[in-house]
Amino acid sequence: MGGRIKTPAEIEKMRASARILRQVQGALKPLCVAGAKFTEMDAVAEDIIRLAGAVPSFKGFAGFPATLCTMRNEEVVHGIPHDVPLEQGDLVSIDCGVLLDGWHADAAFSLVVGGPTANPGREKFQQVVYAALQAGCGAIRHGVRVGDVGGVISQVVRQGGYSICKEFTGHGLGQELHEDPHIFNYGNPGTGTKLLAGMTLAVEPIVARGKPKVKTLADKWTVVTVDGRDACQWEHCGVVTTDGFEIFV
Ligand code: MG
Ligand code: MG
């Protein structure tokens with residue numbers, strides 16, 4: 001099933017949510033240093049969101065307890081912020097959602113603590129996941145199908161020598177955090193739901209550096225790789241247009 005087409009006024013509301021999320025990301029990136037803790041970043045993010053008159057989308061969603069999903073190294077997605085101090089060379093992915101005036105924004109970024117030279121292998125990995133996201137977003141325009149997008153994403157990931165964690169997908173986004181359609185990170189060109197101008201989507205490759213098998217920890221949220229190797233998530237949200245995909249954040 002396809003996602004509902006949003007009106008220009010609704011799209012403008014999502015841009016406003018995304019502006020707050022961009023502010024959150026801008027504040028968090030410089031905090032990702034050796035010794036920092038995800039719990040501290042979570043408090044910073046929640047403050048920014050609430051001061052802007054918005055609400056953290058994730059907090060309370062299906063019982064999730066925090067503003068951010070925070071992932072370090074082998075943590076894949078849905079990480080509950082923990083107190084483990086970050087170390088130089090750690091791979092960090094941070095996912096956040098903002099609900100303003102009834103409309104969600106949802107996006108994630110990834111980086112290496114201490115910068116690219118602190119761990120070149122991890123830097124290359126996260127850059128390939130970012131490139132996969134860019135390629136996927138670049139494939140979107142009115143009339144393409146979900147399989148066209150997923151096919152491009154998986155091709156970039158495979159060429160880098162990494163694996164898609166297929167359990168997790170992008171999604172439609174709007175008044176609900178997860179709407180139709182699923183935006184798979186794999187697929188065959190010309191297949192799947194047709195994307196139409198005015199659909200608002202989150203595109204989010206979730207990738208393992210080794211084998212893609214995952215498990216959920218006893219906290220019932222944090223997903224980790226079974227082989228203990230790194231994972232990475234990047235995510236943009238935006239709107240399908242007649243000739244492309246306008247990225248909100
Ligand atoms: Mg997200
Ligand atoms: Mg999402």
Side-chain angles (χ1 to χ4, degrees), residues 21 24-25 27-29 31-50 54-99 104-113 119 122 125-126 129 162-171 173 176-179 182-185 202 204-235 237:
L21 182 43
V24 170
Q25 290 188 337
L28 293 181
K29 284 174 187 175
L31 299 181
C32 294
V33 294
K37 296 170 180 171
F38 285 146
T39 44
E40 299 162 348
M41 296 181 206
D42 195 74
V44 168
E46 182 167 5
D47 279 352
I48 292 170
I49 292 167
R50 294 201 189 276
V55 173
S57 301
F58 300 169
K59 199 162 190 173
F61 180 84
F64 188 77
T67 293
L68 303 176
C69 291
T70 53
M71 285 68 67
R72 172 178 170 266
N73 301 339
E74 78 279 8
E75 295 163 355
V76 182
V77 279
H78 305 158
I80 297 177
H82 54 55
D83 258 333
V84 179
L86 294 179
E87 291 176 20
Q88 197 80 347
D90 276 349
L91 178 60
V92 165
S93 300
I94 297 181
D95 190 3
C96 184
V98 170
L99 176 66
H104 291 280
D106 180 14
F109 67 89
S110 187
L111 55 74
V112 172
V113 175
N119 191 316
R122 283 180 167 149
F125 173 46
Q126 74 87 15
V129 179
Y162 309 122
S163 324
I164 299 285
C165 297
K166 292 189 175 179
E167 293 91 332
F168 308 105
T169 73
H171 48 90
L173 180 74
E176 302 293 334
L177 185 57
H178 297 130
E179 299 183 354
H182 286 288
I183 307 297
F184 299 98
N185 294 312
E204 49 179 317
I206 290 169
V207 180
R209 198 168 166 190
K211 294 203 165 61
K213 199 163 189 308
V214 299
K215 62 181 180 185
T216 305
L217 297 183
D219 67 17
K220 294 192 164 63
W221 281 103
T222 308
V223 175
V224 298
T225 56
V226 170
D227 67 8
R229 296 191 65 194
D230 299 331
C232 177
Q233 177 194 15
W234 270 97
E235 179 177 18
C237 62

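Start at 1 with the first residue, then count along the sequence.
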>> Working note: Val207 + Phe125, criterion side-chain contact (heavy atoms from CB on, under 4.5 Å); need CA distance, chi angles, decisive distance, verdict.
In response: CA-CA 9 Å; Val207 180; Phe125 173 46; 3.7 Å; yes
Roughly how far apart are [X] [atom1] and [Y] [atom2], rounded to 0.5 Å?
X	Y	atom1	atom2	value
Ile80	Leu68	CD1	CG	12.5 Å
His82	Glu75	NE2	CD	3.5 Å
Cys237	His171	SG	NE2	8.5 Å
Glu235	Cys69	CD	SG	9.5 Å

[Y] and [X], any side-chain heavy atoms less than 4.5 Å apart:
X	Y	result
Val24	Thr67	no
Arg122	Asn73	yes
Leu177	Phe58	yes
Val92	Thr70	no
Cys232	Tyr162	no
Phe109	Ile94	yes
Gln126	Trp234	yes

How close do [X] and [Y] get, counting heavy atoms only, and between which atoms?
X	Y	value
Ala208	Thr225	CB-CG2, 4.4 Å
Ser93	Gln233	OG-N, 3.2 Å
Ala27	Ile48	CB-CD1, 3.4 Å
Ala105	Ser57	O-OG, 4.1 Å

>> Donor-acceptor pair, distance only, cut-off 3.5 Å: does the side chain of Asn119 make one with the backbone of Asp90?
In response: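 No: the side chain of Asn119 does not pair with the backbone of Asp90.
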Expected list for residues 31-41: side-chain donor-acceptor pairs under 3.5 angstrom, two or more places apart:
residue	atom	partner	partner atom	Å
Thr39	OG1	Asp83	OD1	2.7
Glu40	OE1	Lys37	N	3.2

>> For a ring-ring contact (aromatic ring centres under 6.0 Å, His included) check, start with the C-alpha distance between His78 and Phe61, then their side-chain angles and the critical distance, and finish with the verdict.
In response: CA-CA 11 Å; His78 305 158; Phe61 180 84; 9.2 Å; no
> Going by the side chain to side chain donor-acceptor pair (under 3.5 Å) test, which pairs reach into residues 210-220, not counting sequence neighbours?
Replying inline: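 Qualifying pairs, neighbours excluded: Asp219-Thr222.
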Residue list, side-chain contact (heavy atoms from CB on, under 4.5 Å) with [X], at least two apart or on another chain:
X	value
Val55	Arg50, Leu99
Arg229	Arg209, Asp227
Glu179	Lys6, Gln175, Glu176
Ala54	Ile20, Ile49, Val98, Leu100

>> Would Asp106 and Asp95 count as a side-chain contact (heavy atoms from CB on, under 4.5 Å) here? Give the steps.
In response: CA-CA 7 Å; Asp106 180 14; Asp95 190 3; 3.1 Å; yes
> Given the rule in the side-chain contact (heavy atoms from CB on, under 4.5 Å) test, do Ser110 and Leu91 qualify, once you have shown the distances and angles that lead to the verdict?
Replying inline: CA-CA 7 Å; Ser110 187; Leu91 178 60; 3.5 Å; yes
